[in-house]
Amino acid sequence: PNSDIRIINKKMEKFRKMYNKKNWKINYETFPENISLMDNINLIRKSHIKQSLNTMETSIKKHWCFVRNVFVSINKIYEWNIERKFFDTKNDSILSQVYNFFQILSSEYTFDEHEMTNKTSGKSFKDEFDEYLLEFKNNFPFDASKIAYDKNYNIEIPNQYNHDYINSNLFLQSKTKKCNRFTSVKINDIKTRQIFQELTFNEECYYKLNKIIEKCFMYYNEIKHISKVFGEYDMLISYSYFLKTSGQQSCEPTFLTNSESALEAYDLTFIDCKKNDKESFLIPNDIIFDKNDKVMILQGDNGSGKSSIMRTLALNILLAHSGLFVFASTFNIPPVSSIFCRFGSNDRMLNGISSFIDEVEHMDRILKMADKSSLLFIDELGQTTNSKAGETLCRGVIKYIQSDLKCKSIFATHYHTLKGSKNMRMETNTELPKAPFYTYKLKLGSNTSSNASYVSLNICGIPKRIF
(Lines give C-alpha, C1' and ligand atoms only; values in the text may rest on other atoms or scores of the structure.)
Protein backbone atom coordinates (compact mmCIF):
# COMPACT_ATOMS: atom_id res chain seq x y z
CA PRO A 1 0.00 0.00 0.00
CA ASN A 2 0.97 3.63 -0.48
CA SER A 3 2.07 4.93 2.95
CA ASP A 4 2.25 8.63 1.98
CA ILE A 5 -0.51 10.19 4.12
CA ARG A 6 -0.81 13.22 1.81
CA ILE A 7 -1.62 10.99 -1.19
CA ILE A 8 -4.00 8.86 0.91
CA ASN A 9 -5.85 11.95 2.17
CA LYS A 10 -6.14 13.27 -1.40
CA LYS A 11 -7.71 9.96 -2.50
CA MET A 12 -9.95 9.97 0.58
CA GLU A 13 -11.22 13.46 -0.25
CA LYS A 14 -12.14 12.31 -3.78
CA PHE A 15 -14.03 9.29 -2.43
CA ARG A 16 -15.74 11.40 0.26
CA LYS A 17 -17.10 13.75 -2.41
CA MET A 18 -18.40 10.82 -4.43
CA TYR A 19 -19.93 9.13 -1.39
CA ASN A 20 -21.72 12.34 -0.33
CA LYS A 21 -23.22 13.04 -3.77
CA LYS A 22 -27.00 12.78 -3.55
CA ASN A 23 -28.31 12.79 -7.09
CA TRP A 24 -26.06 10.39 -8.96
CA LYS A 25 -27.47 7.34 -10.67
CA ILE A 26 -25.85 3.96 -11.07
CA ASN A 27 -25.82 2.66 -14.61
CA TYR A 28 -23.49 -0.31 -14.83
CA GLU A 29 -24.09 -0.63 -18.58
CA THR A 30 -21.67 2.24 -19.21
CA PHE A 31 -18.81 0.82 -17.18
CA PRO A 32 -17.75 -2.04 -19.49
CA GLU A 33 -16.93 0.61 -22.09
CA ASN A 34 -13.80 1.43 -20.12
CA ILE A 35 -12.52 -2.15 -20.37
CA SER A 36 -13.42 -2.21 -24.07
CA LEU A 37 -11.56 1.06 -24.63
CA MET A 38 -8.16 -0.06 -23.34
CA ASP A 39 -8.52 -3.63 -24.63
CA ASN A 40 -9.14 -2.44 -28.18
CA ILE A 41 -6.51 0.30 -28.26
CA ASN A 42 -3.90 -2.19 -26.99
CA LEU A 43 -5.01 -4.85 -29.47
CA ILE A 44 -4.45 -2.36 -32.28
CA ARG A 45 -1.06 -1.52 -30.85
CA LYS A 46 0.18 -5.09 -30.40
CA SER A 47 -1.05 -6.73 -33.61
CA HIS A 48 -0.53 -5.82 -37.24
CA ILE A 49 -2.62 -6.14 -40.38
CA LYS A 50 -1.64 -9.21 -42.39
CA GLN A 51 -1.04 -8.47 -46.05
CA SER A 52 -1.25 -11.96 -47.49
CA LEU A 53 -4.03 -12.53 -50.01
CA ASN A 54 -5.83 -15.19 -47.93
CA THR A 55 -5.74 -13.39 -44.56
CA MET A 56 -5.87 -9.70 -45.46
CA GLU A 57 -9.65 -9.47 -45.55
CA THR A 58 -10.11 -11.12 -42.13
CA SER A 59 -7.28 -9.05 -40.64
CA ILE A 60 -8.76 -5.78 -41.95
CA LYS A 61 -12.20 -6.63 -40.55
CA LYS A 62 -10.69 -7.45 -37.16
CA HIS A 63 -8.67 -4.23 -36.94
CA TRP A 64 -11.55 -2.19 -38.22
CA CYS A 65 -13.68 -3.55 -35.36
CA PHE A 66 -10.95 -2.54 -32.87
CA VAL A 67 -10.90 1.05 -34.19
CA ARG A 68 -14.68 1.26 -34.33
CA ASN A 69 -14.96 -0.01 -30.72
CA VAL A 70 -12.57 2.71 -29.54
CA PHE A 71 -14.71 5.31 -31.35
CA VAL A 72 -17.92 3.98 -29.75
CA SER A 73 -16.34 3.81 -26.26
CA ILE A 74 -15.12 7.41 -26.41
CA ASN A 75 -18.59 8.56 -27.50
CA LYS A 76 -20.29 6.72 -24.63
CA ILE A 77 -17.83 7.97 -22.00
CA TYR A 78 -18.31 11.53 -23.29
CA GLU A 79 -22.11 11.22 -23.08
CA TRP A 80 -21.83 9.62 -19.61
CA ASN A 81 -19.75 12.57 -18.38
CA ILE A 82 -22.16 15.17 -19.81
CA GLU A 83 -24.98 13.60 -17.79
CA ARG A 84 -23.04 13.20 -14.49
CA LYS A 85 -20.28 15.85 -14.73
CA PHE A 86 -17.75 13.88 -12.70
CA PHE A 87 -14.59 14.77 -14.63
CA ASP A 88 -12.72 17.81 -13.33
CA THR A 89 -11.73 20.71 -15.62
CA LYS A 90 -8.40 19.22 -16.67
CA ASN A 91 -9.73 15.71 -17.40
CA ASP A 92 -12.85 17.13 -19.02
CA SER A 93 -10.62 19.09 -21.39
CA ILE A 94 -8.65 15.96 -22.35
CA LEU A 95 -11.86 14.01 -22.92
CA SER A 96 -13.30 16.80 -25.08
CA GLN A 97 -10.07 16.95 -27.08
CA VAL A 98 -10.14 13.21 -27.85
CA TYR A 99 -13.88 13.24 -28.51
CA ASN A 100 -13.53 16.12 -31.03
CA PHE A 101 -10.67 14.29 -32.73
CA PHE A 102 -12.81 11.19 -33.29
CA GLN A 103 -15.70 13.30 -34.56
CA ILE A 104 -13.41 14.84 -37.19
CA LEU A 105 -12.00 11.39 -37.99
CA SER A 106 -15.48 9.94 -38.44
CA SER A 107 -16.34 12.73 -40.87
CA GLU A 108 -13.28 11.88 -42.99
CA TYR A 109 -13.60 8.09 -42.78
CA THR A 110 -16.65 5.95 -42.34
CA PHE A 111 -17.01 3.99 -39.11
CA ASP A 112 -19.84 1.95 -40.60
CA GLU A 113 -18.83 -1.69 -40.57
CA HIS A 114 -21.16 -2.69 -43.44
CA GLU A 115 -19.88 0.07 -45.68
CA MET A 116 -16.29 -0.95 -45.03
CA THR A 117 -16.89 -4.64 -45.73
CA ASN A 118 -19.08 -4.27 -48.82
CA LYS A 119 -16.92 -5.33 -51.77
CA THR A 120 -19.20 -4.69 -54.72
CA SER A 121 -20.70 -1.77 -56.53
CA GLY A 122 -23.66 -2.04 -58.91
CA LYS A 123 -24.58 -5.59 -59.89
CA SER A 124 -22.99 -8.12 -57.54
CA PHE A 125 -20.95 -11.10 -58.65
CA LYS A 126 -23.54 -13.39 -57.11
CA ASP A 127 -26.16 -11.94 -59.46
CA GLU A 128 -23.89 -12.70 -62.44
CA PHE A 129 -23.38 -16.29 -61.27
CA ASP A 130 -27.14 -16.75 -60.79
CA GLU A 131 -27.92 -15.32 -64.28
CA TYR A 132 -25.40 -17.66 -65.93
CA LEU A 133 -26.82 -20.70 -64.09
CA LEU A 134 -30.37 -19.79 -65.11
CA GLU A 135 -29.31 -19.43 -68.75
CA PHE A 136 -27.53 -22.80 -68.59
CA LYS A 137 -30.62 -24.51 -67.15
CA ASN A 138 -32.88 -23.06 -69.87
CA ASN A 139 -30.63 -24.48 -72.60
CA PHE A 140 -30.16 -27.86 -70.90
CA PRO A 141 -31.93 -30.67 -72.89
CA PHE A 142 -33.03 -32.64 -69.79
CA ASP A 143 -34.68 -31.86 -66.42
CA ALA A 144 -32.44 -29.17 -64.87
CA SER A 145 -34.14 -28.89 -61.46
CA LYS A 146 -31.29 -30.73 -59.68
CA ILE A 147 -28.50 -28.69 -61.29
CA ALA A 148 -26.85 -26.21 -58.87
CA TYR A 149 -23.56 -24.59 -57.84
CA ASP A 150 -21.17 -25.99 -55.25
CA LYS A 151 -19.48 -23.64 -52.77
CA ASN A 152 -16.81 -22.72 -55.35
CA TYR A 153 -19.41 -21.88 -58.04
CA ASN A 154 -18.75 -25.01 -60.07
CA ILE A 155 -21.85 -26.41 -61.79
CA GLU A 156 -22.91 -29.78 -60.34
CA ILE A 157 -24.72 -32.08 -62.83
CA PRO A 158 -26.11 -35.45 -61.60
CA ASN A 159 -24.48 -38.60 -63.03
CA GLN A 160 -27.82 -39.89 -64.39
CA TYR A 161 -27.58 -37.59 -67.42
CA ASN A 162 -25.74 -38.51 -70.60
CA HIS A 163 -22.77 -36.18 -70.55
CA ASP A 164 -22.38 -36.40 -74.34
CA TYR A 165 -25.29 -33.95 -74.55
CA ILE A 166 -23.63 -31.45 -72.21
CA ASN A 167 -22.49 -28.16 -73.74
CA SER A 168 -18.97 -28.35 -75.12
CA ASN A 169 -18.15 -25.03 -73.38
CA LEU A 170 -18.07 -26.82 -70.01
CA PHE A 171 -14.83 -28.27 -68.59
CA LEU A 172 -14.82 -31.12 -66.09
CA GLN A 173 -13.34 -30.12 -62.71
CA SER A 174 -14.00 -33.15 -60.48
CA LYS A 175 -16.19 -36.21 -59.99
CA THR A 176 -18.18 -37.62 -57.06
CA LYS A 177 -20.43 -40.65 -56.70
CA LYS A 178 -23.55 -38.59 -57.33
CA CYS A 179 -22.45 -35.85 -59.70
CA ASN A 180 -19.76 -34.27 -61.87
CA ARG A 181 -18.56 -30.70 -61.39
CA PHE A 182 -17.96 -28.41 -64.35
CA THR A 183 -16.69 -24.92 -64.97
CA SER A 184 -16.68 -22.70 -68.05
CA VAL A 185 -14.91 -19.73 -69.59
CA LYS A 186 -17.74 -17.46 -68.40
CA ILE A 187 -17.55 -18.75 -64.80
CA ASN A 188 -13.76 -18.36 -64.74
CA ASP A 189 -14.11 -14.81 -66.07
CA ILE A 190 -16.53 -13.87 -63.26
CA LYS A 191 -14.24 -15.49 -60.67
CA THR A 192 -11.20 -13.60 -61.97
CA ARG A 193 -12.97 -10.24 -61.84
CA GLN A 194 -14.23 -11.04 -58.34
CA ILE A 195 -10.72 -11.85 -57.04
CA PHE A 196 -9.27 -8.73 -58.67
CA GLN A 197 -11.94 -6.49 -57.15
CA GLU A 198 -11.54 -8.05 -53.70
CA LEU A 199 -7.78 -7.57 -53.89
CA THR A 200 -8.13 -3.95 -55.01
CA PHE A 201 -10.70 -3.25 -52.31
CA ASN A 202 -8.56 -4.86 -49.59
CA GLU A 203 -5.53 -2.82 -50.66
CA GLU A 204 -7.57 0.36 -50.49
CA CYS A 205 -8.91 -0.62 -47.06
CA TYR A 206 -5.41 -1.54 -45.89
CA TYR A 207 -3.92 1.87 -46.66
CA LYS A 208 -7.02 3.67 -45.44
CA LEU A 209 -7.06 1.75 -42.17
CA ASN A 210 -3.35 2.29 -41.59
CA LYS A 211 -3.88 6.06 -41.86
CA ILE A 212 -6.73 5.88 -39.32
CA ILE A 213 -4.63 3.79 -36.89
CA GLU A 214 -1.70 6.14 -37.29
CA LYS A 215 -3.93 9.08 -36.37
CA CYS A 216 -5.43 7.17 -33.41
CA PHE A 217 -1.99 6.65 -31.92
CA MET A 218 -1.39 10.39 -31.92
CA TYR A 219 -3.84 10.37 -28.98
CA TYR A 220 -2.77 7.07 -27.37
CA ASN A 221 -1.58 8.67 -24.10
CA GLU A 222 -4.73 10.79 -23.84
CA ILE A 223 -6.95 7.73 -24.41
CA LYS A 224 -4.98 5.80 -21.79
CA HIS A 225 -5.41 8.69 -19.34
CA ILE A 226 -9.17 8.86 -19.99
CA SER A 227 -9.45 5.11 -19.37
CA LYS A 228 -7.57 5.42 -16.07
CA VAL A 229 -9.69 8.34 -14.82
CA PHE A 230 -12.93 6.70 -15.95
CA GLY A 231 -11.91 3.43 -14.28
CA GLU A 232 -11.26 5.29 -11.03
CA TYR A 233 -14.73 6.88 -11.14
CA ASP A 234 -16.19 3.47 -11.93
CA MET A 235 -14.59 2.06 -8.77
CA LEU A 236 -15.60 5.03 -6.57
CA ILE A 237 -19.23 4.89 -7.69
CA SER A 238 -19.45 1.10 -7.35
CA TYR A 239 -17.92 1.13 -3.85
CA SER A 240 -20.15 4.05 -2.76
CA TYR A 241 -23.18 2.17 -4.06
CA PHE A 242 -22.15 -0.97 -2.17
CA LEU A 243 -21.66 0.94 1.10
CA LYS A 244 -25.05 2.66 0.80
CA THR A 245 -27.02 -0.47 -0.09
CA SER A 246 -25.27 -3.23 1.88
CA GLY A 247 -26.39 -2.01 5.30
CA GLN A 248 -22.93 -2.71 6.74
CA GLN A 249 -21.36 -0.35 9.24
CA SER A 250 -18.52 1.67 7.73
CA CYS A 251 -16.39 4.65 8.68
CA GLU A 252 -13.65 6.91 7.40
CA PRO A 253 -10.24 5.69 8.65
CA THR A 254 -7.98 8.01 10.65
CA PHE A 255 -4.25 7.89 10.01
CA LEU A 256 -1.98 8.54 12.99
CA THR A 257 1.31 10.38 12.80
CA ASN A 258 3.93 7.61 12.61
CA SER A 259 4.39 3.87 12.33
CA GLU A 260 4.98 3.46 16.09
CA SER A 261 1.48 4.74 16.95
CA ALA A 262 -1.25 2.51 18.32
CA LEU A 263 -3.63 0.59 16.05
CA GLU A 264 -7.30 0.62 16.99
CA ALA A 265 -10.08 -1.07 15.06
CA TYR A 266 -13.50 -1.26 16.73
CA ASP A 267 -16.43 -3.37 15.47
CA LEU A 268 -14.28 -4.59 12.59
CA THR A 269 -15.98 -6.90 10.06
CA PHE A 270 -15.30 -8.50 6.70
CA ILE A 271 -17.17 -7.43 3.54
CA ASP A 272 -20.62 -9.02 3.43
CA CYS A 273 -20.85 -10.08 -0.22
CA LYS A 274 -23.77 -12.41 0.60
CA LYS A 275 -26.07 -9.74 2.01
CA ASN A 276 -29.16 -11.45 0.57
CA ASP A 277 -28.17 -14.89 1.86
CA LYS A 278 -30.05 -15.95 5.00
CA GLU A 279 -26.97 -17.89 6.16
CA SER A 280 -24.75 -14.83 5.94
CA PHE A 281 -23.62 -13.38 9.27
CA LEU A 282 -20.84 -11.07 10.44
CA ILE A 283 -19.39 -10.96 13.94
CA PRO A 284 -17.73 -7.60 14.78
CA ASN A 285 -14.47 -7.64 16.74
CA ASP A 286 -12.14 -5.09 18.32
CA ILE A 287 -8.44 -5.34 17.45
CA ILE A 288 -6.18 -3.07 19.49
CA PHE A 289 -2.40 -2.69 19.38
CA ASP A 290 -1.04 -0.39 22.07
CA LYS A 291 1.84 1.90 21.17
CA ASN A 292 4.49 -0.54 22.41
CA ASP A 293 2.77 -3.75 21.22
CA LYS A 294 4.65 -5.55 18.46
CA VAL A 295 3.56 -9.22 18.31
CA MET A 296 0.00 -10.29 19.06
CA ILE A 297 -0.19 -14.04 19.66
CA LEU A 298 -3.53 -15.32 18.38
CA GLN A 299 -4.72 -18.73 19.58
CA GLY A 300 -7.92 -20.70 19.17
CA ASP A 301 -9.47 -24.01 18.17
CA ASN A 302 -9.66 -25.25 14.60
CA GLY A 303 -12.33 -23.31 12.71
CA SER A 304 -12.71 -20.66 15.41
CA GLY A 305 -11.80 -17.79 13.04
CA LYS A 306 -8.07 -17.08 13.53
CA SER A 307 -7.23 -16.85 9.80
CA SER A 308 -10.48 -14.99 9.05
CA ILE A 309 -9.84 -12.20 11.55
CA MET A 310 -6.31 -11.69 10.20
CA ARG A 311 -7.60 -11.46 6.63
CA THR A 312 -10.32 -9.05 7.81
CA LEU A 313 -7.78 -6.65 9.32
CA ALA A 314 -5.43 -6.95 6.31
CA LEU A 315 -8.24 -6.19 3.83
CA ASN A 316 -9.50 -3.17 5.77
CA ILE A 317 -5.98 -1.75 6.08
CA LEU A 318 -5.56 -2.11 2.32
CA LEU A 319 -8.92 -0.34 1.74
CA ALA A 320 -7.87 2.49 4.07
CA HIS A 321 -4.57 3.01 2.25
CA SER A 322 -6.51 3.09 -1.03
CA GLY A 323 -8.42 6.13 0.24
CA LEU A 324 -11.67 4.21 0.87
CA PHE A 325 -13.96 3.76 3.87
CA VAL A 326 -13.50 0.64 6.01
CA PHE A 327 -15.93 -1.77 7.67
CA ALA A 328 -15.68 -0.70 11.31
CA SER A 329 -17.14 1.87 13.71
CA THR A 330 -13.69 3.38 14.46
CA PHE A 331 -10.46 2.73 12.59
CA ASN A 332 -7.27 4.49 13.76
CA ILE A 333 -4.06 3.21 12.20
CA PRO A 334 -0.48 4.31 11.54
CA PRO A 335 0.67 4.39 7.90
CA VAL A 336 1.68 0.89 6.75
CA SER A 337 4.44 0.51 4.15
CA SER A 338 3.77 -3.15 3.32
CA ILE A 339 1.53 -6.08 4.26
CA PHE A 340 3.02 -9.58 4.41
CA CYS A 341 0.94 -12.75 4.81
CA ARG A 342 2.17 -16.28 5.44
CA PHE A 343 -0.80 -18.63 5.11
CA GLY A 344 -0.43 -22.35 4.39
CA SER A 345 2.44 -24.18 2.73
CA ASN A 346 2.87 -26.68 -0.10
CA ASP A 347 5.67 -28.91 -1.20
CA ARG A 348 7.24 -28.58 -4.65
CA MET A 349 8.05 -32.16 -5.51
CA LEU A 350 9.64 -31.50 -8.92
CA ASN A 351 12.05 -29.02 -7.30
CA GLY A 352 12.80 -31.24 -4.32
CA ILE A 353 11.25 -28.71 -1.90
CA SER A 354 9.41 -30.12 1.13
CA SER A 355 6.51 -28.34 2.84
CA PHE A 356 8.76 -27.34 5.74
CA ILE A 357 11.45 -25.88 3.47
CA ASP A 358 8.80 -23.98 1.52
CA GLU A 359 7.37 -22.62 4.78
CA VAL A 360 10.74 -21.48 6.16
CA GLU A 361 11.89 -19.98 2.83
CA HIS A 362 8.66 -17.97 2.69
CA MET A 363 9.16 -16.73 6.25
CA ASP A 364 12.79 -15.86 5.48
CA ARG A 365 11.78 -13.70 2.50
CA ILE A 366 9.21 -11.86 4.63
CA LEU A 367 11.70 -11.11 7.43
CA LYS A 368 14.26 -9.81 4.91
CA MET A 369 11.79 -7.54 3.09
CA ALA A 370 9.79 -6.18 6.04
CA ASP A 371 10.61 -2.96 7.92
CA LYS A 372 9.30 -1.27 11.07
CA SER A 373 6.33 0.16 9.16
CA SER A 374 5.26 -3.26 7.82
CA LEU A 375 2.37 -5.34 9.08
CA LEU A 376 2.86 -9.12 9.29
CA PHE A 377 0.20 -11.84 9.39
CA ILE A 378 1.70 -15.25 10.20
CA ASP A 379 -0.61 -18.25 10.35
CA GLU A 380 0.51 -21.46 12.09
CA LEU A 381 4.25 -21.29 11.39
CA GLY A 382 6.07 -24.57 12.07
CA GLN A 383 3.07 -26.81 11.43
CA THR A 384 4.97 -28.90 8.85
CA THR A 385 7.63 -30.25 11.23
CA ASN A 386 7.69 -31.86 14.72
CA SER A 387 6.17 -29.81 17.53
CA LYS A 388 9.49 -29.14 19.33
CA ALA A 389 11.24 -27.81 16.22
CA GLY A 390 8.13 -25.88 15.15
CA GLU A 391 7.78 -24.18 18.53
CA THR A 392 11.50 -23.31 18.59
CA LEU A 393 11.19 -21.73 15.14
CA CYS A 394 8.18 -19.67 16.26
CA ARG A 395 10.00 -18.40 19.38
CA GLY A 396 12.96 -17.30 17.24
CA VAL A 397 10.77 -15.46 14.72
CA ILE A 398 8.77 -13.72 17.49
CA LYS A 399 11.97 -12.59 19.22
CA TYR A 400 13.42 -11.29 15.92
CA ILE A 401 10.26 -9.30 15.14
CA GLN A 402 10.19 -7.75 18.63
CA SER A 403 13.88 -6.87 18.87
CA ASP A 404 15.02 -6.24 15.28
CA LEU A 405 12.08 -5.44 12.98
CA LYS A 406 9.93 -3.79 15.66
CA CYS A 407 6.87 -3.92 13.42
CA LYS A 408 3.33 -4.89 14.30
CA SER A 409 2.34 -8.49 13.57
CA ILE A 410 -0.36 -11.04 14.36
CA PHE A 411 0.98 -14.54 14.98
CA ALA A 412 -1.69 -17.28 14.87
CA THR A 413 -0.58 -20.56 16.44
CA HIS A 414 -1.64 -23.74 18.27
CA TYR A 415 1.47 -23.66 20.49
CA HIS A 416 -0.07 -22.67 23.83
CA THR A 417 3.22 -21.74 25.52
CA LEU A 418 4.19 -18.92 23.13
CA LYS A 419 4.12 -15.39 24.53
CA GLY A 420 4.04 -12.05 22.69
CA SER A 421 3.39 -8.43 23.53
CA LYS A 422 -0.24 -9.50 23.92
CA ASN A 423 -1.91 -12.91 23.87
CA MET A 424 -5.41 -13.14 22.37
CA ARG A 425 -7.72 -16.06 21.65
CA MET A 426 -10.76 -16.83 19.54
CA GLU A 427 -13.47 -17.83 21.97
CA THR A 428 -15.04 -21.30 21.89
CA ASN A 429 -17.83 -22.29 24.29
CA THR A 430 -16.91 -25.84 25.34
CA GLU A 431 -19.52 -26.15 28.12
CA LEU A 432 -22.31 -27.20 25.76
CA PRO A 433 -23.18 -30.93 26.16
CA LYS A 434 -23.33 -31.87 22.48
CA ALA A 435 -20.74 -29.77 20.64
CA PRO A 436 -18.36 -26.81 21.06
CA PHE A 437 -19.86 -23.54 19.92
CA TYR A 438 -17.80 -20.95 18.04
CA THR A 439 -18.61 -17.39 19.11
CA TYR A 440 -16.03 -15.94 16.66
CA LYS A 441 -15.22 -13.28 19.29
CA LEU A 442 -11.68 -12.13 20.05
CA LYS A 443 -10.85 -12.34 23.77
CA LEU A 444 -7.82 -11.49 25.90
CA GLY A 445 -5.70 -14.39 27.16
CA SER A 446 -4.25 -17.71 25.98
CA ASN A 447 -6.24 -20.67 24.69
CA THR A 448 -6.00 -24.04 26.46
CA SER A 449 -8.87 -25.97 24.88
CA SER A 450 -8.79 -28.21 21.79
CA ASN A 451 -11.62 -29.41 19.58
CA ALA A 452 -9.46 -31.68 17.39
CA SER A 453 -11.18 -34.89 18.57
CA TYR A 454 -14.67 -33.43 18.00
CA VAL A 455 -13.79 -32.22 14.49
CA SER A 456 -12.20 -35.57 13.59
CA LEU A 457 -15.10 -37.67 14.89
CA ASN A 458 -18.17 -35.60 14.07
CA ILE A 459 -17.18 -33.49 11.06
CA CYS A 460 -14.56 -35.59 9.26
CA GLY A 461 -16.17 -38.93 10.18
CA ILE A 462 -13.14 -40.78 11.57
CA PRO A 463 -14.32 -43.96 13.44
CA LYS A 464 -14.66 -43.52 17.18
CA ARG A 465 -12.53 -46.60 18.00
CA ILE A 466 -9.48 -44.80 16.56
CA PHE A 467 -9.72 -42.29 19.42
Side-chain angles (χ1 to χ4, degrees), residues 1-2 7-40 69 72-92 94-95 99 223-255 265-285 308 311-333 339:
N2 192 324
I7 296 175
I8 295 171
N9 286 336
K10 193 174 179 181
K11 291 181 177 179
M12 190 71 69
E13 177 65 25
K14 188 180 287 187
F15 176 70
R16 196 185 298 114
K17 286 181 180 179
M18 183 65 67
Y19 184 75
N20 292 330
K21 272 184 176 287
K22 294 181 179 179
N23 297 321
W24 50 262
K25 290 182 178 180
I26 297 296
N27 182 7
Y28 287 107
E29 292 178 359
T30 61
F31 297 146
E33 297 306 328
N34 185 51
I35 301 171
S36 171
L37 177 61
M38 281 316 297
D39 278 353
N40 283 285
N69 289 341
V72 171
S73 297
I74 291 292
N75 279 352
K76 288 193 175 182
I77 292 172
Y78 185 79
E79 292 168 3
W80 179 87
N81 187 53
I82 289 174
E83 182 183 346
R84 294 164 178 82
K85 294 182 174 60
F86 284 144
F87 281 36
D88 56 32
T89 306
K90 179 185 174 183
N91 293 322
D92 189 59
I94 294 173
L95 178 59
Y99 174 78
I223 292 171
K224 190 175 180 180
H225 178 77
I226 290 168
S227 178
K228 181 181 177 182
V229 173
F230 186 76
E232 188 177 2
Y233 282 118
D234 176 3
M235 182 274 297
L236 293 176
I237 292 173
S238 300
Y239 195 65
S240 298
Y241 181 75
F242 178 79
L243 289 181
K244 289 186 176 185
T245 57
S246 66
Q248 272 192 265
Q249 184 173 238
S250 61
C251 71
E252 182 176 334
T254 302
F255 282 89
Y266 294 96
D267 299 317
L268 187 70
T269 61
F270 201 72
I271 295 179
D272 187 6
C273 297
K274 299 168 69 178
K275 60 182 179 180
N276 296 321
D277 193 332
K278 293 181 180 179
E279 297 180 359
S280 174
F281 62 95
L282 295 169
I283 306 297
N285 276 290
S308 297
R311 288 187 172 97
T312 298
L313 179 59
L315 174 65
N316 279 280
I317 286 176
L318 192 59
L319 288 172
H321 282 75
S322 302
L324 302 171
F325 288 4
V326 296
F327 297 92
S329 60
T330 305
F331 201 76
N332 303 323
I333 56 169
I339 298 172

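What you see is a predicted model; the values in this text were computed from it and never measured.
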Please identify each residue that fulfils side-chain hydrogen bond (donor to acceptor under 3.5 Å, both in side chains) with [X], with sequence neighbours left out.
{"X": "N9", "answer": "none"}
{"X": "S322", "answer": "none"}
{"X": "Q249", "answer": "none"}

Would you give the length of the straight line joining atom [atom1] of [X] to atom [atom2] of [Y], rounded to the nearest 0.5 angstrom?
{"X": "L243", "Y": "F15", "atom1": "CG", "atom2": "CZ", "value": "5.0 Å"}
{"X": "T312", "Y": "I283", "atom1": "OG1", "atom2": "CD1", "value": "11.5 Å"}
{"X": "L318", "Y": "R311", "atom1": "CG", "atom2": "CZ", "value": "14.5 Å"}
{"X": "I94", "Y": "I223", "atom1": "CD1", "atom2": "CD1", "value": "12.0 Å"}
{"X": "I226", "Y": "I74", "atom1": "CD1", "atom2": "CD1", "value": "4.5 Å"}

Among all residues two or more places apart in sequence or in another chain, which pass the ring pair (Phe, Tyr, Trp, His ring centres under 6.0 Å) test with Y99? Y78
Could you go step by step and tell me if T254 and F331 meet the side-chain contact (heavy atoms from CB on, under 4.5 Å) rule? CA-CA 6 Å; T254 302; F331 201 76; over 6 Å; no
Strictly below 4.0 Å, N to O, side chains only: are E79 and K76 in salt-bridge contact? no
[Y] side chain reached by [X] side chain, heavy atoms, under 4.5 Å:
{"X": "M12", "Y": "F325", "answer": "yes"}
{"X": "L282", "Y": "I271", "answer": "no"}
{"X": "I339", "Y": "H321", "answer": "no"}

Which residues pass the side chain to side chain contact (heavy atoms under 4.5 Å, CB included) test with T330, sequence neighbours left out? Y266, N332
N/O donor-acceptor pair under 3.5 Å between Q248 side chain and F242 backbone: no
Using salt bridge (Lys or Arg N to Asp or Glu O under 4.0 Å) as the criterion, list what pairs up with K14, not counting sequence neighbours. E232
Apply salt bridge (Lys or Arg N to Asp or Glu O under 4.0 Å) to the pair E13 and R16, showing each step before the final yes or no. CA-CA 5 Å; E13 177 65 25; R16 196 185 298 114; 2.2 Å; yes
Where do F327 and L319 land on the side-chain contact (heavy atoms from CB on, under 4.5 Å) test, with the steps shown first? CA-CA 9 Å; F327 297 92; L319 288 172; 3.9 Å; yes
